[in-house]
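As structure tokens, the structure follows; a few thoughts come after it.
What you see below is based on every heavy atom in this structure, not just the backbone, and it leaves out hydrogens, waters and symmetry mates. What you see is a predicted model; the values in this text were computed from it and never measured. The residues of the chain are indexed from 1 along the displayed sequence.
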Amino acid sequence: MNIKEERPPIKSEMKRAIRKEAHYGCVKCGNPIIEYHHIEPYHEVLCHEVENLIALCPTHHYKADRGMISKQQLYQLKKKPFNSVQDNIKDDVFIGNYDNLEFKTGPTSFIRTPNLFVVDNVPLISVTKDESNNAVINAKFFDSSLNLIAEIQNNEWITYLKEEIWDIQYAGGKLKINSGKGVIFLEFLAKPENNYVELRANMYYKNCFFNITPSKITYGFDKDNPKDFSGMMLGVTMVDCMNGIVLLTSEL
């Protein structure tokens, strides 16, 4: 039997319990982008149990898999995760309460607009809420061949092409995701005390692009030659919309 192929997915309610236990971040460093690690290896226990699962960021998951963080340390961190002892963690959240949160991209803002940037019916960046109304991140990262190479699902980091190198940094409420080539794919600067998040990103799909900077949003249909089919958004506030900016390739 191929254990990896036969491994069942971790149930959503179990993931919620692990996230809550970890105070919604890596138990080692507080990074809100996490993976789920079996303290006792899955191939030995052949099951998923809350007592044996722990939330780790990709960097510390890598270290735990290689024994660079001992099982004893992991059990201790499970009891006393990083975010549980941080004074600046408000109500166990990273970017704030969903209903009151404002996403700021320069002079453009999104409030209670779950799908910020969409190509056809595929949201490239979206923000949903969990059972406690905390805002959680979803994002999809594609390569030039339309392969989905990585994504964030409710703050869970999932990679599909293992040879792709990612640099995921988190400190002081700032989350930054770079490719190995230094391209900034996604950057959040959270100000939960003021209920807003500054967003920067470079997202691509189906020859469409979104270039989001602190001063403007530029979008279009040809990332290699954006002068031909491109638009710019300045000074717009979207409130209670299902979608923010939508590009439709069928209209080309």
Side-chain angles (χ1 to χ4, degrees), residues 32-33 93-130 132-144 146 148-158 173-179 183-192 194-224 226-252:
I33 303 303
V93 301
F94 159 55
I95 56 178
N97 179 282
Y98 176 83
D99 288 339
N100 301 321
L101 191 64
E102 178 182 4
F103 275 82
K104 302 179 74 171
T105 54
T108 299
S109 296
F110 303 88
I111 300 172
R112 294 187 301 276
T113 298
N115 300 318
L116 304 184
F117 305 99
V118 182
V119 175
D120 293 336
N121 292 317
V122 179
L124 301 187
I125 301 177
S126 61
V127 181
T128 58
K129 57 184 176 181
D130 66 12
S132 300
N133 204 44
N134 299 328
V136 295
I137 304 165
N138 297 270
K140 293 181 182 293
F141 305 98
F142 293 89
D143 65 13
S144 58
L146 302 185
L148 181 62
I149 54 179
E151 66 179 312
I152 301 171
Q153 290 183 2
N154 296 333
N155 284 25
E156 179 183 352
W157 179 251
I158 303 170
K174 183 177 182 179
L175 172 70
K176 188 175 182 180
I177 299 175
N178 286 19
S179 71
V183 176
I184 296 175
F185 273 85
L186 193 62
E187 184 177 298
F188 285 91
L189 178 57
K191 301 287 186 181
N194 297 320
N195 288 320
Y196 78 82
V197 174
E198 293 179 356
L199 173 64
R200 180 178 180 183
N202 290 287
M203 308 296 286
Y204 308 103
Y205 182 54
K206 289 187 175 181
N207 289 324
C208 298
F209 72 93
F210 294 97
N211 177 238
I212 304 140
T213 71
S215 61
K216 63 184 178 181
I217 300 172
T218 306
Y219 54 90
F221 294 105
D222 184 355
K223 64 183 177 64
D224 297 320
K227 292 183 179 179
D228 290 342
F229 290 96
S230 65
M232 184 182 300
M233 181 169 286
L234 296 169
V236 175
T237 298
M238 296 188 180
V239 183
D240 293 324
C241 300
M242 177 58 68
N243 298 316
I245 302 176
V246 179
L247 299 181
L248 300 174
T249 60
S250 61
E251 295 185 358
L252 293 179

On a heavy-atom basis, which atom in [X] and which in [Y] lie closest, and how many Å separate them?
{"X": "A135", "Y": "V127", "answer": "CB-CG1, 3.8 Å"}
{"X": "L186", "Y": "A139", "answer": "CD2-CB, 4.1 Å"}
{"X": "V197", "Y": "A190", "answer": "CG2-CA, 4.2 Å"}
{"X": "S215", "Y": "P107", "answer": "O-CD, 3.1 Å"}
{"X": "C241", "Y": "P114", "answer": "O-CD, 3.2 Å"}

(Q) Would you say the rings of Y205 and F117 are close, in the sense that their centroids are separated by under 6.0 Å? (A)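 No: the rings miss the under 6.0 Å criterion.
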Can you confirm whether [X] sits close enough to [Y] that some side-chain heavy atom of one is under 4.5 Å from a side-chain heavy atom of the other?
{"X": "F209", "Y": "T218", "answer": "yes"}
{"X": "I152", "Y": "N138", "answer": "no"}
{"X": "I125", "Y": "F210", "answer": "no"}
{"X": "D120", "Y": "L248", "answer": "yes"}

Rounded to the nearest 0.5 Å, what separates atom [atom1] in [X] from atom [atom2] in [Y]?
{"X": "Y98", "Y": "I111", "atom1": "OH", "atom2": "CD1", "result": "11.0 Å"}
{"X": "T128", "Y": "N134", "atom1": "OG1", "atom2": "CG", "result": "10.5 Å"}
{"X": "I212", "Y": "R200", "atom1": "CD1", "atom2": "CZ", "result": "11.0 Å"}
{"X": "K191", "Y": "E198", "atom1": "NZ", "atom2": "CD", "result": "7.0 Å"}
{"X": "L199", "Y": "K104", "atom1": "CG", "atom2": "NZ", "result": "12.5 Å"}

Q | Exceeds 12 heavy-atom contacts within 6.0 angstrom, atom CG of N121 | A |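 No, not enclosed.
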Q.
Pair E102, N195 - check side-chain contact (heavy atoms from CB on, under 4.5 Å), show working.
A. CA-CA 6 Å; E102 178 182 4; N195 288 320; over 6 Å; no
Q) Once the angle between the rings of F185 and Y204 is folded into 0 to 90°, is it parallel (under 30°), tilted (30 to 60°) or perpendicular (over 60°)? A)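 Correct class here is perpendicular.
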Q. Can you check side-chain contact (heavy atoms from CB on, under 4.5 Å) on L247 and T249, steps first, answer last?
A. CA-CA 6 Å; L247 299 181; T249 60; over 6 Å; no
Q. Can you list the steps and then say if I137 with L175 is a side-chain contact (heavy atoms from CB on, under 4.5 Å)?
A. CA-CA 11 Å; I137 304 165; L175 172 70; 4.2 Å; yes
(Q) Between E151 and K140, does any side-chain N to carboxylate O distance fall below 4.0 Å? (A)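 A salt bridge links E151 with K140.
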Q. Do side-chain atoms of T113 reach the backbone of L116 as a donor and acceptor pair under 3.5 angstrom?
A.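 No; zero donor-acceptor contacts below 3.5 Å.
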Q | N/O donor-acceptor pair under 3.5 Å between N97 side chain and D99 backbone | A |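 Judged by distance alone, yes, a pair lies under 3.5 Å.
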Q) So which of V119, N211, L124 actually passes side chain to side chain contact (heavy atoms under 4.5 Å, CB included) with M203? A)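 Testing each of V119, N211, L124 against M203, the sole residue satisfying side chain to side chain contact (heavy atoms under 4.5 Å, CB included) is L124.
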Q. Would T105 and F110 count as a side-chain contact (heavy atoms from CB on, under 4.5 Å) if you check the C-alpha gap in whole Å, the side-chain angles of each, and the deciding distance to 0.1 Å?
A. CA-CA 8 Å; T105 54; F110 303 88; 3.9 Å; yes
Q: Verify whether one side chain among D130 and N154 offers a donor that lies under 3.5 Å from an acceptor in the other.
A: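 Result is no, nothing qualifies.
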